[in-house]
Amino acid sequence: MKKLFSIVLIAMNVLFLASCASYEKSGAVMSVSSNSINTYVTADLDYQGAKKVEGIVDTQTLFGFIQLTRNGKRVFKSSNRYKGLDKKESQALYQAKENAGVDIILEPEFEKETHSWCLGLYRTSHTVVKGWGVNIKGIKEDNRGYRNVTE
């Protein structure tokens, strides 16, 4: 019985110490100058008032679905460039935008680090977004005649 208990104890220690990690970083594929939004207005951005912004989201989950750390339900959604963001990236963008009090985040870069322990039963992740926050000074009519409608 003592031998069985020792084996179970050793197996549990090995199970808890077994871990894996991954790290991910992404950046913009296109630069700001080639990102045109086809509308009938043009935004005048305050480039002189641009400032570095950052948003951080940390999560902990147990058994893959029990959230031990909550970051709220507020996420940043966009209909064009940021469609492929996961929930943590969207939360980090939202935090960065709201904390800095800016209208737009230019060239966001994401860093994501995840760890899992006990064969994936306990997982942590750390997601950071960094970029340049700018405000919109004004909007004026776009005389170039872009249209969203395909004819």
Side-chain angles (χ1 to χ4, degrees), residues 11-150:
M12 286 179 64
N13 283 332
V14 169
L15 187 66
F16 280 108
L17 294 177
S19 67
C20 64
S22 68
Y23 177 78
E24 188 177 312
K25 182 176 183 178
S26 69
V29 176
M30 300 181 296
S31 66
V32 174
S33 62
S34 65
N35 289 337
S36 61
I37 301 171
N38 297 334
T39 63
Y40 293 107
V41 295
T42 301
D44 186 17
L45 301 179
D46 180 19
Y47 289 111
Q48 285 76 26
K51 56 185 170 183
K52 286 253 189 195
V53 296
E54 179 179 89
I56 299 172
V57 170
D58 290 313
T59 62
Q60 296 177 0
T61 56
L62 188 62
F63 304 120
F65 64 92
I66 300 173
Q67 291 184 355
L68 302 176
T69 305
R70 297 191 186 273
N71 291 293
K73 296 188 184 287
R74 296 180 179 185
V75 297
F76 181 78
K77 292 288 183 181
S78 176
S79 61
N80 52 10
R81 185 170 178 181
Y82 303 115
K83 279 186 179 178
L85 297 180
D86 65 22
K87 184 177 180 181
K88 295 169 209 155
E89 292 169 336
S90 295
Q91 288 174 327
L93 263 179
Y94 179 85
Q95 285 183 6
K97 186 177 172 304
E98 292 301 310
N99 291 343
V102 296
D103 296 323
I104 298 172
I105 298 177
L106 300 175
E107 303 299 332
E109 286 187 3
F110 296 91
E111 294 181 34
K112 199 154 102 175
E113 186 174 347
T114 59
H115 295 273
S116 68
W117 289 274
C118 196
L119 299 176
L121 295 178
Y122 175 73
R123 294 176 186 247
T124 62
S125 74
H126 180 75
T127 304
V128 178
V129 62
K130 294 179 183 178
W132 287 94
V134 295
N135 287 311
I136 297 174
K137 290 194 285 187
I139 295 177
K140 56 188 173 193
E141 184 179 353
D142 187 351
N143 296 322
R144 293 179 288 183
Y146 287 122
R147 299 189 67 176
N148 284 331
V149 181
T150 34

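In this structure, Thr114 and Ser125 approach most closely via the heavy-atom pair CG2-CB, 3.6 Å. In terms of heavy atoms, Ala96 sits closest to Gly55 at CB-N, 3.6 Å.
Note: Glu109 CD to Lys130 NZ = 8.5 Å, rounded to the nearest 0.5 Å. Atom CG in Leu85 sits 11.5 Å away from atom CD in Gln91 (nearest 0.5 Å). Rounding to the nearest 0.5 Å gives a distance of 5.5 Å between NZ of Lys112 and NZ of Lys88. Thr59 OG1 to Arg123 CZ: the interatomic distance, rounded to the nearest 0.5 Å, is 10.5 Å. Lys97 contributes atom NZ, which lies 6.0 Å from atom CG of Asp103 (distance to the nearest 0.5 angstrom). If you take OG1 on Thr124 and CG on Leu62, they are separated by 12.0 Å, rounding to the nearest 0.5 Å.
At least one side-chain heavy atom of Lys51 sits less than 4.5 Å from a side-chain heavy atom of Val102. No side-chain heavy atom of Val129 sits under 4.5 Å from any side-chain heavy atom of Glu89. Inter-residue side-chain proximity for Trp132 and Ile104 is flagged as unmet; no heavy-atom pair is nearer than 4.5 Å. You'll find the side chain of Lys137 stays beyond 4.5 Å of the side chain of Leu45, heavy atoms only. A 4.5 Å side-chain heavy-atom check between Leu106 and Tyr47 finds at least one atom pair inside the cut-off. Side chains of Pro108 and Leu93 form a contact here, defined as non-hydrogen atoms less than 4.5 Å apart. Taking 4.5 Å as the limit, some side-chain heavy atom of Ile105 sits within range of a side-chain heavy atom of Val53.
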